[in-house]
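None of these values were measured; they are calculated from a predicted model. When reading the values below, keep in mind they use all heavy atoms of this one structure, side chains included, and skip hydrogens, waters and symmetry mates.
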Amino acid sequence: MTKPKTASLFKAVSPYLAPYKGRMILALLAMVVAAATVLAVGQGMRLVVDQGFAAHNQELLSQWSWLLFVIILVMAGASFTRSNLLSNIGEGMVRRLREAVYAHLLRLSPAYYDVRQTGSLLSGLTADTTLIQTVFTGVLPVALRNFIMLVGGLFMLFLTSTKLSLYVLAGVPLILLPIITLGRKLRLYSRQVQDHLAEASAHLSESLQAVRTVQAFGREAFEQQQFARNNQKALLVAAKRNRIRAFLAAMVISLVFGGVTFVLWVGGMDVLSGTMSPGDLAGFVFYAVIVASSVGGMADLQGDLAKASGAMERLLDILNTPALIASPAHPTPLPEPLTGALSLKNLSFAYPMAPDAPTLHDFSLDIAARETVAFVGRSGAGKSTIFSLLQRFYNPSSGQITLDGVPIQQLAVGAYRGVLATVSQEPFIFAGSVADNIRYGNLAADDAAVIAAAKAAYADAFITALPEGYNTSLGEKGVRISVGQKQRIAIARAFLRHPTILLLDEVTSSLDSLSEQHIQQALDHLRQTCTTLIIAHRLSTVQQADRIVVLDSGRISAIGTHQELLSISSLYQELCALQLGKGT
């Protein structure tokens, strides 16, 4: 794939700079003023030399020196204004860019995350956006300043001496050629460095999240070696990049100052012959240094631009990834009143990572409003796939799902998911307080509603026994409470949502009998008001379902009550003996 050019990448960021147009214009004006004052310093130097030193005129020397000082003060003020404005613009632009990337990541389907590591994406939100900020607050302003100084310096050079200016111009291609040629390699190596660092970041994130497993198996040294290996890859490529940058800088410096020395020699000969004044030569050398510095500065800027370009490519890869699950342009409103009747019609599905291995085959099932339906089957039978399709994490390969007769793909994604609540085997608990975790089901709920939901989930007793009650921080992933307590908080979260459809994914499969009893009591209350679908392993859970669907390799093997299936389904009998009976 052809990589976008740097100019195209900057163009892609322009929407995030749009709110700052006024300040950008002011910053550009300040930059022009600062550049103009620098160029004026050269004229001041010429006047000080010719009318002060050479003329032995003390009064004029003082006047032109004071004028030169005023010019320097103006230059300092303009530079301050430029730097302050551009820093604020860069901070604001990067904030908007970071928020846009994060918002887009939240809307991408799980299929996107199936093939990517979280640590790599975190790198895009932190390291890559920081590089972009560096460009817009440091690199790009320097590049613009160098360009203005280059144009202004060339103009002043020709105004001072056409002959010497032609010598200067003759040396410019010698400086630009290595910058352009080696700059391409710099950009390539910079992208490779960022990719290797992203791999290291992904490994770091994964190993720290699994730190208990790492320590339990004594794999600290192994993980450290893996991380060091990824860092070493980045280091080796960075060393190549740095050698090129150093070589480029040395070459440009040699060419620049070699050219200045040559011009100084030619100009000095003209001064000795009387065809040029000492002040003109001093001014010309000043402008020649400015022009040479502006061109030479591009060597270092090229490396920084290359790193930023690589970062922007990675961010654009994220932003340009289409959201496979999206609301239609004109969504159908949810039916009123909403009953929760579901119909799964001729569903077939294969995960994107394994398109040749379908997990559902022409699956059809009608579920009445407020009915409780349990799904059982061997591992890989398609139970979790059905739940994923119901939650619109994926679209079916064929067939459709309807809610009260309306295809769910015609509904706004947010509106449809707003009537669902899910309680999984290992519910995610955020690092905030107990109240915050329960309120995640309904952000508008007040404290009284949160407490009522906790009581309904049989969670209030253990919550009030915590050190700070509902304000107790639960730590990352809820490490301060047990699995059963996490389940009850997740059920309280579902209660607070007042769902029309409740999805229970192996909720009690790993709990002790007492915890299971508490959770079953909570779920009994919740199921009275909604359509409930259950993935179950335990016999006690299955027996409470109105119907049980037995799945085999993505197809329905049998449907019925517990007693009916015991007499008609050999697969169900096997599951009861091998799985459902465990822990009962």
Is it true that atom OH of Y440 has more than 12 heavy atoms of other residues, nucleotides or ligands lying nearer than 6.0 Å? no
Taking S327 for its side chain and L411 for its backbone only, find out whether a donor-acceptor pair lies under 3.5 Å. no
Just by modelled atom types, is the Q425 backbone N or O under 3.5 Å from a matching donor or acceptor in the Q487 side chain? yes
Does any part of the side chain of P407, heavy atoms only, come nearer than 4.5 Å to the side chain of I401, both counted from C-beta? no
Chi angles and distances behind the side chain to side chain contact (heavy atoms under 4.5 Å, CB included) call for V550, D552: CA-CA 7 Å; V550 183; D552 185 17; 5.9 Å; no
Is it true that, when you exclude F430 itself, more than 12 heavy atoms of the residues, nucleotides or ligands shown sit nearer than 6.0 Å to its CZ? yes
Keeping the roles fixed (side chain from Q224, backbone from A221), state whether a donor-acceptor pair exists under 3.5 Å. no
Separation of Q409 CD from R392 CZ (nearest 0.5 Å): 5.0 Å
Could you check whether any side-chain N or O of H498 sits under 3.5 Å from a backbone N or O of T529, counting only pairs where one atom can act as donor and the other as acceptor? no
I'd like to check the salt bridge (charged side-chain N to carboxylate O under 4.0 Å, His left out) partners of D404; sequence neighbours left out, ordered by chain and number. none
Side-chain contact test, heavy atoms from C-beta onward, threshold under 4.5 Å: evaluate it for S343 versus Q400 and give yes or no. no
Begin from the C-alpha positions of H104 and V101 and carry the test side chain to side chain contact (heavy atoms under 4.5 Å, CB included) through to its verdict. CA-CA 5 Å; H104 191 68; V101 173; 5.8 Å; no
When rounded to the nearest 0.5 angstrom, what is the spacing between CG in L533 and CG in D505? 11.0 Å
For a side chain to side chain contact (heavy atoms under 4.5 Å, CB included) check, start with the C-alpha distance between I408 and T402, then their side-chain angles and the critical distance, and finish with the verdict. CA-CA 5 Å; I408 62 174; T402 63; 6.0 Å; no
I want to check something: taking the side chain as every heavy atom from C-beta on, are L324 and S109 in contact at a cut-off of under 4.5 Å? yes
CG of L347 to CG of N395: how many Å apart, nearest 0.5 Å? 11.0 Å
Here's a test for you: under side chain to side chain contact (heavy atoms under 4.5 Å, CB included), which of D436, I463, N442, I438 qualifies with V450? I438
Do I481 and T472 have side-chain heavy atoms sitting under 4.5 Å apart? no
Side-chain heavy atoms of F393 within contact of L389, under 4.5 Å: no
Indicate yes or no for a side-chain donor-acceptor contact from T464 to the backbone of D460 under 3.5 Å, with no hydrogens or angles considered. yes
When you check the side-chain N and O atoms of R98 and T129, is any donor under 3.5 Å from an acceptor? yes
What donor-acceptor contacts under 3.5 angstrom involve side-chain atoms of residues 380-387, with partners at least two apart or in another chain?
{"residue": "K383", "atom": "NZ", "partner": "G377", "partner atom": "O", "Å": "3.0"}
{"residue": "K383", "atom": "NZ", "partner": "R378", "partner atom": "O", "Å": "3.1"}
{"residue": "T385", "atom": "OG1", "partner": "Y351", "partner atom": "OH", "Å": "2.9"}
{"residue": "T385", "atom": "OG1", "partner": "T359", "partner atom": "OG1", "Å": "3.3"}

Atom CG of L571 and atom CG of L575: how far apart are they, to the nearest 0.5 Å? 4.5 Å
Is the backbone N or O of L85 less than 3.5 Å from a side-chain atom of Y20, with the two atoms forming a donor-acceptor pair by type? no
Taking all atoms of both residues into account, what is the closest heavy-atom pair of A494 and L502, and its distance? CB-CD1, 4.3 Å
Would you say that V373 contacts I534 through its side chain, given a criterion of any heavy-atom pair below 4.5 Å between the two side chains? no
In terms of the angle between their ring planes, are H562 and Y572 parallel, tilted or perpendicular, with boundaries placed at 30° and 60°? perpendicular
Does any non-hydrogen side-chain atom of L344 lie less than 4.5 Å from one of D366? no
Could you give the distance from CD1 (I429) to CD (Q485), rounded to the nearest 0.5 Å? 10.5 Å
Distance-only, no hydrogens or angles: does the R23 side chain make a donor-acceptor pair with backbone N or O of L86 under 3.5 Å? no
Determine yes or no for a side-chain-to-main-chain donor-acceptor pair under 3.5 angstrom, with R488 supplying the side chain and Y458 the backbone. yes
Charged N to carboxylate O below 4.0 Å: is that the case for E99 and R95? yes
Sole candidate of V376, L360, I535, I556 that passes side chain to side chain contact (heavy atoms under 4.5 Å, CB included) when paired with L551: I556
Is it the case that the side chains of Q226 and R229 hold a donor-acceptor pair, with the cut-off being a distance below 3.5 Å and no angle test? yes
Apply side chain to side chain contact (heavy atoms under 4.5 Å, CB included) to I559 and L365, showing your working. CA-CA 10 Å; I559 301 178; L365 180 67; 3.9 Å; yes
Is the shortest distance from a Lys or Arg side-chain nitrogen in D447 or R439 to a carboxylate oxygen in the other one below 4.0 Å? yes
Less than 4.5 Å apart, side chain to side chain, heavy atoms only: is that true for C530 and T500? no
Short side-chain donor-acceptor distance under 3.5 Å, N437 and R493: yes
